[in-house]
Amino acid sequence: MNEFGLIDRLRAAMPAPGPGLALGIGDDAAVFDLPTGQQLVACTDTLNTGIHFPDDTDPAAIGHKSLAVNLSDLAAMGADPAWALLNLSLPDTCPDWLDAFAAGFAALAGPSGITLAGGDTTRGALSVTVTALGFVPAGQALTRDGARPGDRVVVSGTLGDAALALSRLGSDAPPAAAQRDRLDRPTPRLELGRRLRGLATACIDISDGLAADLGHILAASAVGAHLDATRLPASTALASLPFAQRLSLQATGGDDYELCFTLPAAHAAELDALAADAGVALTDIGEITPGDALEWSGPGGQPVRLDTAAGYDHFGGGGT
Ligand code: ADP
Ligand code: MG
C-alpha cells in the first residue's frame, strides 16, 4: 500500500463530513466556510510511541486518544468541534494497523461532530499529531485567567484512574480493562465545556495532573486555592487505596482529561443540574483564595503536603 492508498483507506473509514467543509481531503489544502459571529479555536497535540502510549497499545485506542486529547482542549475552551487535521508518521504501511487506528478515530469523530479535513502522512517512528479546529461564540471562550477569590473549584468525573492504570502496566497486578480504558480512551467533556460558557470564570482540562493544571489557572488569574483532599472524586479502585497514595495519584497523576473549572459561589447551587445536563458528575473540591498558594487539607481538616507538587513535565522531573 502506498501513501495514497493509505490516505484513501483513512478517508473511507471516516464519518460523512459535517457542514462547512468546502473542500476536504484530496487537494493541496482544505477550505472551510466560517460561521458569522463565531471565533475559530485551534489546538494541536502529538502522541509519540513509548512516551504518550506504551508500544503495545491497541491501535484503535491510539486513534481514539489522539483525537480525544485535542477534543479535551476544545472542551476546556468551551468550543464546538468542527474539523481535524491528522499528521501520521508510520514505520511501515500496515493495513491492519491503519484500519484499527482509523476505526478508533472515526468512532469518536462521529458523535463529537468533527470532520477529518486533511493531514500529512510520512514514514518514521510512530507518531500521531492531530490539529483540531472548533468554534466558540465571539468573546465566550473559556480561559485560564478569570478565577476570583471566593469562586468554587469544581472537577468533572473521577481523578487518578489513568495514573493508577499506568502505574500498574507491566506489574504483577496489571490494570483491569475498565481501568486501562481510563488511560487509553479518555472521554472529552465537550457538553460540559459548552454549558460552562458564560458560567465558569476559568477552565482547563486536566492532562498533567490536577495540582499542575489548576496551578496554571492560579498563575494566570493571580490567585491561590484551598482544596479539600478528602473530596477529590474517586472511583472504587482509587477509593480503596491508602490516603497518601490515592492523593498522590489524584493530584499529580496525568491523563485524566477531566475539566477543572472555577465558578462564582452564587452559582454553586446549580452544579447538580449542570451535572445532569452535561452527563458527568461534578464535584466541588474547594475555593479560590487571595494570594498565590495552592493549599490542601486532609482528614479532619489537617493541612496536607503533596509529595510532588508538579504534574507531568516532559523536560523536568516529577509526576508520573
Ligand atoms: P501535499 O503533497 O500537497 O502535501 P499530500 O500528498 O500530503 O499533499 O496529501 C494529499 C491530500 O491528502 C491532502 O488533501 C491532505 O490533506 C490529505 N492527507 C494526507 N495525509 C493525510 C492524513 N494522514 N489524514 C488526512 N488527510 C491526509
Ligand atoms: Mg503532504
Side-chain angles (χ1 to χ4, degrees), residues 1-35 38-75 77 79-135 184-188 190 205 207 257:
M1 190 171 50
N2 65 15
E3 180 190 333
F4 299 102
L6 200 144
I7 296 167
D8 283 344
R9 217 170 167 108
L10 256 180
R11 175 158 54 170
M14 292 301 143
L21 184 62
L23 189 57
I25 296 173
D27 214 303
D28 293 312
V31 180
F32 307 114
D33 298 318
L34 305 183
Q38 305 271 315
Q39 288 177 306
L40 184 65
V41 180
C43 60
T44 190
D45 255 315
T46 297
L47 300 186
N48 290 324
T49 187
I51 296 177
H52 299 94
F53 53 87
D55 293 334
D56 67 347
T57 303
D58 171 6
I62 300 172
H64 175 103
K65 190 165 180 176
S66 64
L67 180 58
V69 299
N70 282 281
L71 290 173
S72 180
D73 280 325
L74 290 184
M77 299 303 291
D80 292 306
W83 304 301
L85 303 173
L86 170 63
N87 289 30
L88 264 182
S89 164
L90 300 172
D92 46 50
T93 57
C94 169
D96 290 346
W97 191 95
L98 191 80
D99 288 347
F101 171 87
F105 189 102
L108 179 61
S112 304
I114 197 161
T115 298
L116 184 62
D120 196 26
T121 309
T122 54
R123 187 181 286 262
L126 179 59
S127 172
V128 185
T129 299
V130 172
T131 301
L133 303 169
F135 289 104
D184 286 347
R185 297 174 193 275
T187 305
L190 288 163
D205 70 320
S207 54
Y257 297 100

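Ligands are counted one by one from 1 in listed order, and the atoms in each one are counted from 1 as well.
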Task: Under the ring pair (Phe, Tyr, Trp, His ring centres under 6.0 Å) test, residues paired with Phe135 that sit two or more places apart - done: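 Scan of Phe135 (ring pair (Phe, Tyr, Trp, His ring centres under 6.0 Å), adjacent residues dropped) gives Trp83.
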Check for a donor-acceptor pair, side chain of [X] on one end and backbone N or O of [Y] on the other, with a separation under 3.5 Å.
X: Asn48; Y: Ile51; result: no
X: Asp80; Y: Gly134; result: no
X: His64; Y: Ala60; result: no

Give the atoms of ligand 1, by number and element, whose distance to some non-hydrogen atom of [X] is under 4.0 Å.
X: Gly26; value: 11 (C), 13 (C), 14 (O)
X: Asp28; value: 3 (O)
X: Thr121; value: 19 (C), 20 (N), 21 (C), 22 (C), 23 (N)
X: Ile25; value: 12 (O), 14 (O), 17 (C), 25 (C), 26 (N)
X: Gly118; value: 16 (O), 24 (N), 25 (C), 26 (N), 27 (C)
X: Glu3; value: 6 (O), 7 (O)
X: Leu10; value: 22 (C), 23 (N), 24 (N)
X: Asp27; value: 11 (C), 13 (C), 14 (O)

- [ ] Please examine the side chains of Leu67 and Ile114, heavy atoms only from C-beta on, and report whether any two atoms are closer than 4.5 Å.
- [x]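 The answer is yes; the side chains approach within 4.5 Å.
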- [ ] Output every pair passing side chain to side chain donor-acceptor pair (under 3.5 Å) with a member in residues 95-118, not counting sequence neighbours, ordered by first then second residue.
- [x]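 Listed by first then second residue: Arg9-Asp99.
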Open item on the list: Test your reading of the structure: does Phe4 have an N or O sitting under 3.5 Å from an N or O of ligand 1?
Closed with: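 It does not: no N or O of Phe4 is found under 3.5 Å from an N or O of ligand 1.
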TODO: Check whether any N or O atom of Ala117, backbone or side chain, sits under 3.5 Å from an N or O atom of ligand 1, and answer yes or no.
DONE: no
Task: Region of Leu85 engaging ligand 1 - heavy atom pairs below 4.0 Å - done: neither
Task: Asn87 contact mode with ligand 1 (heavy-atom cut-off under 4.0 Å) - done: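 Neither part.
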Task: Considering all heavy atoms, the nearest Ala125-Pro91 contact - done: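 Looking at all heavy atoms of both residues, the closest pair is C-CD, 4.5 Å.
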- [ ] Give a yes/no verdict on whether any heavy atom in Arg11 is under 4.0 Å from an atom of ligand 1.
- [x]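 Contact absent.
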- [ ] Give the C-alpha distance, both sets of side-chain angles, the deciding distance and a yes or no for side-chain hydrogen bond (donor to acceptor under 3.5 Å, both in side chains) between Ser72 and Asp205.
- [x] CA-CA 6 Å; Ser72 180; Asp205 70 320; 2.7 Å; yes
- [ ] Consider only side-chain N and O atoms of Ser89 and Ser127, and report whether a donor and an acceptor are under 3.5 Å apart.
- [x]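 The answer is no; no qualifying pair exists.
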